[in-house]
Structure formats: structure tokens, C-alpha cells
Amino acid sequence: MRRAASLLSAVGATALLLTACGSERTGAGTSGAPASVPPSRTQVDDPGKDGVRITSLTLPSASPAPTRSTSVSADSLATDSGIVASFEVTNEGTETLTYSVIVTFMSSDGEAMANQTATVRDVRPGKTVRSTVRAGQLPSSAPRVTQAKVFKVSKVPAGEAPTEPGTCPTSGIRVSADNGDAAMGPRVVGLHLDNCGTRSYTVEGYPLLELLDSDFKTIHGIKTLQGSDEITAGAGPDQQPRPVTLSPGESAAAALVWRNTTESGTPVNVPYVRVRAKAGTDPVTIPLHLDLGTTGRLGIKPWAKAEH
């Protein structure tokens, strides 16, 4: 009887301790924990696009339903999905290229669950490079991902590729572009110039542009305008260019403005824009995919110091 009473007393004390400290989370070595099931890897028969194809898809096994001894917290729902697409890039061209690959992760009925971008740098002609991209965090209520496909491929000469975020080229000047804004009809894409070096840097006037086709050949017949007033008043009034001096850590911004109006004639699409901050600087080729329609015009706003 004394032993039974002692056991009951110990159980009661344990229950009080758990109540005070919160629910117990099942972990390794905990009695009653669901067994860990390894993820499954499925080979994918993907025809690919522009030399890029998905080769396999790694999917986590379905998680077991929580038991009484397992608590589900908000943190556990906000983790990476564990879904990984493996892909390979084959450079079928004649120069070394850097690839930007957008992969779409989909449910069994083809609904897109996530688009993720991966960059594969310095792929030499005739070579194949393998890489992976993760689906990232998905809502807990989302349908289960079962397939993936290559959605879009952009490739630029490796020596003119935008630098990785958070890195600084040897010039100390980083040129990039944002995703743009087409909500009001006219298209606007921002160009950004960051002084990530150790010395001051001065620009004046407009970014220097070359409009390129899919083979990186110059597209002729497009009129580039200094300013955007002739295209739309929705991008703000034109300002006169002036010298802009950037101390280390400071940035400048410019913008490209156009309409994709299509009337008589053949619409013009510009896959790539080669950008120089000013004359004599190294170019950066950016896949902007400008849909100029039949307007034949592109407005350029001058560099101005960015406000933080």
C-alpha cells in the first residue's frame, strides 16, 4: 500500500509539473513518439526549357497526426516545407552564361503552390551543371505538392551578370533592377545603383542602355526618351539631371517607363537590357522582358539619390 501511494503521489507531481511548464513536445527518445519517416525522391520526366530541366523532386513523407503526447505550436507550422527540386542546366551556346531559373511547385491537379528562383553561375559552353531549389515555406492548409516544372529561364553572359545580393563587385558599384510596377497601366521598372565600395562615386544624367534580343543582339527601331512625360504623367514629373555623389553605403535610382499598347504593326519585346551607370563603366545585362507593344518608345528617368 505504501508503494502504491508513493507511485500515485509521483504521478500527481509529474502532472502538476507538466501543467505548470506547458505541453510536452515529443522528441527523440520520447516514449510514444511517431517514428521518423525518410523523405521520398521521385524521378521527373521533364522535357525542360532553354537547356534547363527538372530531374527529381524530393518530398517529405506525410507527417503523422498529433497524438495526446505531441503538441503542435505556431513555430512548427512556420518551417521550411522540406520540398526540393533537383535540376540540371546545359549550356548549348558558345559563351559562358549565368542562368536564372524559376521553378514552379504544383499540386497533383496542376495548381501552382510556389515559384522559387535559383541562380546558376558560370556555366561553360557544352557543360551541364546540377543544382537544387527549395519550395520554401508553404501554408499548412495548402494542397500537397507532387510535381514541379521549369517556368522561366533567363541567361546572360557570365561577365555581365548582376552580382549576388549582399556581394560587391570589384568596381565597388552594384547595378540592379526591381520587379517593376504595372498596376496603373504604364510599366515602370526601377534601376538601382549602390555604392558598396570604399570611395565616393559620382554619376550624372541617365543610365546608358542597350536593348537586346534573346541572342544578345541589339534591337533597333526603339526610340529612347530622356524622361517619361511623353509616355505618361503617372510616373511623376520629369526632373533635370544633376550630379549625384554617393558616399559608401549610399544609393541612387533611375527608372524605365513605357506602355505596352498594341495597335497596327508587330509588337516588340525586349528580353534583356544592358545597363551602364555611366560611360566607361562595366555593363550589367538584366533580363527585364520589356513588352513595348507597338509604341516603339522607352522613357528613361535620370539618376537621383535614393531616399532611405
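Just so it is clear, the structure is predicted and the values come from calculations on it, not from any experiment.
Between E204 and R242 there is no salt bridge, since no side-chain nitrogen of the basic residue lies less than 4.0 Å from a carboxylate oxygen of the acidic one. Salt bridge E95/R124: absent, no basic N to carboxylate O contact under 4.0 Å.
Residues L298 and K223 fail the side-chain proximity criterion, which asks for heavy atoms closer than 4.5 Å. Counting only heavy atoms from C-beta outward, the side chains of P169 and R174 approach each other to under 4.5 Å. Side-chain contact between Y99 and V52 is present, with at least one heavy-atom pair separated by less than 4.5 Å. You'll find the side chain of R134 reaches within 4.5 Å of the side chain of D80, heavy atoms only. Contact of the T294 side chain with the T266 side chain is not registered, since no non-hydrogen atoms from C-beta on lie closer than 4.5 Å. Between V150 and I54, some side-chain heavy-atom pair lies under the 4.5 Å cut-off. Proximity of L212 to I219: side-chain heavy atoms (C-beta onward) are nowhere separated by under 4.5 Å. Contact of the R144 side chain with the S107 side chain is not registered, since no non-hydrogen atoms from C-beta on lie closer than 4.5 Å.
Following chains of ILVMFWY side-chain contacts shorter than 4.5 Å, one can reach W303 starting from L209, so the two form part of one hydrophobic cluster. L290 and Y272 fall into different hydrophobic clusters, where Ile, Leu, Val, Met, Phe, Trp and Tyr are joined by side-chain heavy atoms under 4.5 Å apart, directly or via other members. Placement of V273 and V175 within a single hydrophobic cluster is found when ILVMFWY residues are connected by side-chain heavy-atom separations under 4.5 Å, directly or transitively. Connection of V153 to V133 is established within a shared hydrophobic cluster, with ILVMFWY side chains joined at heavy-atom distances below 4.5 Å, either directly or through further cluster members. In this structure, L97 is a member of the same hydrophobic cluster as V156, with clusters built from ILVMFWY side-chain heavy atoms closer than 4.5 Å.
Remark: K149 is not positioned above the aromatic ring of F105, lacking an NZ or CZ atom under 6.0 angstrom from the ring centre and at most 45 degrees off the axis.
Contact between S131 and V120 at its shortest, heavy atoms only, is CB-CG2, 4.1 Å. Closest non-hydrogen pair, V188 versus A235, comes out as CG2-CB, 4.3 Å. The minimum heavy-atom distance between V244 and K305, with the atom names listed, is CG1-N, 3.9 Å. Considering every non-hydrogen atom in both A277 and T281, the closest pair reads N-OG1, 3.5 Å. For the residue pair I83 and P60, the shortest heavy atom distance occurs at CG1-CD, 3.7 Å. Contact detail for D238 and S228: the closest heavy-atom pair is OD1-N, 2.8 Å.
With hydrogens and angles ignored, the 3.5 Å screen pairs no side-chain donor or acceptor of R276 with any backbone N or O of P207. Between the side chain of Q116 and the backbone N or O of A135, at least one donor-acceptor pair lies under 3.5 Å. With hydrogens and angles disregarded, no donor-acceptor distance shorter than 3.5 Å links the side chain of S81 to the backbone of L138. Using a distance-only test at 3.5 Å, with no hydrogens or angles considered, no donor-acceptor pair links the side chain of D291 to the main chain of N260. Between the side chain of K155 and the backbone N or O of G51, no donor-acceptor pair lies under 3.5 Å. D194 places no side-chain N or O within donor-acceptor distance of the main-chain N or O of C196, the cut-off being under 3.5 Å. No donor-acceptor pair under 3.5 Å is formed between the side chain of R187 and the backbone N or O of W258. Side chain of N195 to backbone of I173: no donor-acceptor contact under 3.5 angstrom is found. A distance-only check finds a donor-acceptor pair linking the side chain of E250 to the backbone of S247 [under 3.5 Å]. Under the 3.5 Å distance criterion, the side-chain polar atoms of D215 are left unmatched by any main-chain donor or acceptor of K217.
Between the side chains of N269 and H289, no donor N or O sits under 3.5 Å from an acceptor N or O. Checking T202 against T245 by side-chain atom types alone, a donor-acceptor pair falls below 3.5 Å. Using a 3.5 Å distance cut-off with no hydrogens or angles, the side chains of T90 and K127 do not pair a donor with an acceptor.
Atom CZ in F151 sits 7.0 Å away from atom NZ in K49 (nearest 0.5 Å). Remark: T104 OG1 to N115 CG distance equals 3.5 Å, nearest 0.5 Å. In this structure, CG on L191 lies 8.5 Å from CD1 on I300, to the nearest 0.5 angstrom. Atom OG1 of T132 sits about 13.5 Å away from atom CD of E88, to the nearest 0.5 Å. R297 CZ to T224 OG1: the interatomic distance, rounded to the nearest 0.5 Å, is 12.0 Å. Atom-to-atom distance recorded for T128:OG1 and E92:CD is 8.5 Å, nearest 0.5 angstrom.
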Exercise for review: Check step by step if side-chain contact (heavy atoms from CB on, under 4.5 Å) holds for L288 and L256.
Suggested key: CA-CA 10 Å; L288 291 180; L256 308 182; 3.8 Å; yes

Practice item. Might you work through the side-chain contact (heavy atoms from CB on, under 4.5 Å) test for T117 and V101, ending with a clear yes or no? Key: CA-CA 5 Å; T117 302; V101 180; over 6 Å; no

Practice item. Show your working on side-chain contact (heavy atoms from CB on, under 4.5 Å) between V275 and I286 and close with a plain yes or no. Key: CA-CA 8 Å; V275 182; I286 307 175; 4.2 Å; yes

Check your understanding: Are T98 and V123 close enough, and set up right, to give a side-chain contact (heavy atoms from CB on, under 4.5 Å), and what steps lead you there?
Key -> CA-CA 6 Å; T98 288; V123 183; over 6 Å; no

Practice item. Report the C-alpha separation of T96 and D122 in whole Å, then their side-chain angles, then the decisive distance to 0.1 Å, and conclude whether the side chain to side chain donor-acceptor pair (under 3.5 Å) test is met. Key: CA-CA 6 Å; T96 302; D122 302 327; over 6 Å; no

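In the displayed structure, D109 atom CG is contacted under 6.0 Å by more than 12 heavy atoms of other residues, nucleotides or ligands. Counting non-hydrogen atoms of neighbouring residues, nucleotides and ligands closer than 6.0 angstrom, the OH atom of Y206 exceeds 12 such neighbours.
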